[in-house]
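Structure first, then comments.
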Amino acid sequence: MTSVTQRNSGLVQRRTEASRGDRERAAEGQTEEREEQEDEDRAGDKEARLTLMEEVLLLGLKDREGYTSFWNDCISAGLRGCMLIELAFRGRISLEAGGMRRKSLLARKVICKSDAPTGDVMLDEALKHIKETPTPETVQSWIELLSGETWNPLKLHFQLRNVRERLAKNLVEKGVLTTEKQNFLLFDMTTHPLTNNNIKQRLIKKVQEAVLDKWVKDPHRMDKRLLALIYLAHSSDVIENAFAPLLDDQYDLAMKRVRQLLDLDPEVEAIKPNANEILWAVVATFTK
């Protein structure tokens, strides 16, 4: 009788140990899954923290060389357009009221809604200019002034200098790029090669999916930041870099849908519910 009791006791003990082991293995598996998810979330957070300017620059940078094409003369104005949209998304600026006669987007002045710091040095610098200017300017004028493209010597101080280099340094701090020196015969140049390919690939995939698998005909159903990225990437002449890996049929379809967005009338889109007028004013600046 005693031996039977001992066998039963041993069996129960083994079952208890086995179930405890199962629970421990399950707990370990859940811990690993949580850690993987946290890693993905951290990566996603890092990508989400990229500004529009940084995303456009990242699309334009050559991965190994670490600089934008010498032939790209569009990206400078495009990055300034990104700044205005970024400030609008953050509730810092807007367009003046259209009035009864409904002035066009390109005729309306930019006004400062809030001068609260954004946490981004260049955005705060642009915001300071917009707030302190004696006479309000239009979106198109601000893109030119911030780019230094003005014949008025009294307005040259509005230019934001070394924008690409400063943005690249931001991306270095965020672990996306690194810093190197390259010799170009007559001079040395600081370059910023890609060091975190995952973030750039996610960015490229996001742009591709927006005009392929996740395409929606109505731009107002699209995420505003993603819509702005597509427009500004095109205006900055870097969207081809996002579509280069696509097959021919996919590339043709992606470009066709980008052209559909470019064919929209910003004046019509800007008066639709929940539209961001600064976004459409910047689009009008580059497409009209």
Side-chain angles (χ1 to χ4, degrees), residues 35-70 72 74-93 114-130 146-148 158-184 187-207 223-226 228-230 232-233 236-239 241-242:
E35 289 174 352
E36 289 175 1
Q37 185 62 47
E38 286 171 0
D39 290 341
E40 291 178 3
D41 290 343
R42 281 193 291 271
D45 288 344
K46 182 166 283 189
E47 180 185 358
R49 286 198 300 272
L50 298 188
T51 63
L52 277 174
M53 303 90 72
E54 291 165 352
E55 288 182 325
V56 168
L57 181 67
L58 187 55
L59 287 176
L61 280 175
K62 299 179 180 181
D63 294 353
R64 293 183 180 178
E65 293 85 346
Y67 51 82
T68 56
S69 171
F70 292 126
N72 188 339
C74 303
I75 195 169
S76 178
L79 291 174
R80 273 66 174 188
C82 288
M83 291 180 189
L84 296 181
I85 294 175
E86 191 74 56
L87 286 171
F89 284 168
R90 299 185 186 204
R92 300 308 195 275
I93 62 173
S114 168
D115 61 354
T118 63
D120 183 286
V121 175
M122 275 186 291
L123 289 179
D124 289 342
E125 193 176 332
L127 182 60
K128 185 173 182 286
H129 288 324
I130 293 171
L146 294 174
S147 301
F158 288 132
Q159 180 183 5
L160 297 182
R161 301 181 183 278
N162 303 319
V163 167
R164 270 177 267 190
E165 177 64 19
R166 292 162 72 183
L167 288 173
K169 286 182 178 178
N170 288 349
L171 290 170
V172 171
E173 291 176 2
K174 294 178 180 180
V176 183
L177 306 178
T178 187
T179 301
E180 294 180 359
K181 286 277 189 183
Q182 286 198 31
N183 182 274
F184 288 86
F187 61 93
D188 289 335
M189 187 174 83
T190 301
T191 61
H192 299 283
L194 186 67
T195 187
N196 189 332
N197 191 49
N198 291 336
I199 290 179
K200 182 164 185 177
Q201 289 307 311
R202 279 198 297 272
L203 177 61
I204 289 173
K205 183 181 178 182
K206 181 171 69 173
V207 174
D223 176 74
K224 284 187 176 68
R225 183 171 288 275
L226 183 53
L229 175 59
I230 293 171
L232 270 300
S236 303
D237 197 21
V238 300
I239 201 165
N241 297 347

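Note that these values count all heavy atoms, side chains included, but never hydrogens, waters or copies made by symmetry.
In terms of heavy-atom proximity, Lys62 sits nearest to Ser69 at CE-CA, 4.3 Å. Scanning all heavy atoms of the two residues, the minimum distance from Val207 to Ala242 falls at CG1-CB, 4.1 Å. Taking all atoms of both residues into account, the shortest heavy-atom contact from Leu57 to Leu79 is N-CD2, 4.3 Å. Annotation for Val56 and Ala233: closest pair CG2-N, 4.3 Å, computed over non-hydrogen atoms. Heavy atoms only, all atoms of each residue included: Ala168 and His192 are closest at CB-CD2, 3.4 Å. Here the closest heavy-atom approach between residue Ser147 and residue Gln159 is recorded as O-NE2, 3.7 Å.
Using modelled atom types, one finds a donor on one side chain and an acceptor on the other under 3.5 Å when comparing Thr68 with Arg164. Judged by distance alone, the side chains of Lys181 and Thr191 never bring a donor and an acceptor atom under 3.5 Å apart.
With Lys174 contributing its side chain and Arg49 its backbone, the two residues share a donor-acceptor pair below 3.5 Å. In this structure, Ser236 contributes its side chain and Val238 its backbone to no donor-acceptor pair below 3.5 Å. A donor-acceptor distance shorter than 3.5 angstrom exists from the side chain of Arg92 to the backbone of Pro117, with no hydrogens or angles considered. Using a distance-only test at 3.5 Å, with no hydrogens or angles considered, a donor-acceptor pair links the side chain of Asn241 to the main chain of Leu59. Put simply, the side chain of Arg166 gets close to the backbone of Arg161: a donor and an acceptor are under 3.5 Å apart.
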Take Leu167 and Leu58, measure what side-chain contact (heavy atoms from CB on, under 4.5 Å) needs, and give me the verdict at the end.
CA-CA 9 Å; Leu167 288 173; Leu58 187 55; over 6 Å; no
If you apply the rule side-chain contact (heavy atoms from CB on, under 4.5 Å), what do you find for Lys224 with Ile85, and how did you get there?
CA-CA 10 Å; Lys224 284 187 176 68; Ile85 294 175; over 6 Å; no
For side-chain contact (heavy atoms from CB on, under 4.5 Å), just list the numbers for Leu194 and Leu61, CA-CA rounded to whole Å, side-chain angles, deciding distance to a tenth of an Å, and then say yes or no.
CA-CA 8 Å; Leu194 186 67; Leu61 280 175; over 6 Å; no
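Atom CD in Glu180 sits 12.0 Å away from atom CZ in Arg64 (nearest 0.5 Å). Atoms CE and CG, from Met122 and Leu160 in turn, are 8.0 Å apart once rounded to the nearest 0.5 Å. Leu127 contributes atom CG, which lies 5.5 Å from atom CG of Leu87 (distance to the nearest 0.5 angstrom). Here Leu52 contributes atom CG and Leu226 contributes atom CG; the two are 10.0 Å apart, rounded to the nearest 0.5 Å. Remark: Arg80 CZ to Ile75 CD1 distance equals 10.0 Å, nearest 0.5 Å. The distance from the OG1 atom of Thr51 to the CG atom of Asp120 is 6.0 Å, given to the nearest 0.5 Å.
Salt bridge Arg90/Glu86: present, at least one basic N to carboxylate O contact under 4.0 Å. Between Arg225 and Glu55 there is no salt bridge, since none of the side-chain N atoms of the basic residue sits less than 4.0 Å from a carboxylate O of the acidic one.
Of the residues Leu171, Val176, Asp63, the one that meets the side-chain contact (heavy atoms from CB on, under 4.5 Å) test with Lys200 is Asp63.
No side-chain heavy atom of Val163 sits less than 4.5 Å from a side-chain heavy atom of Leu146.
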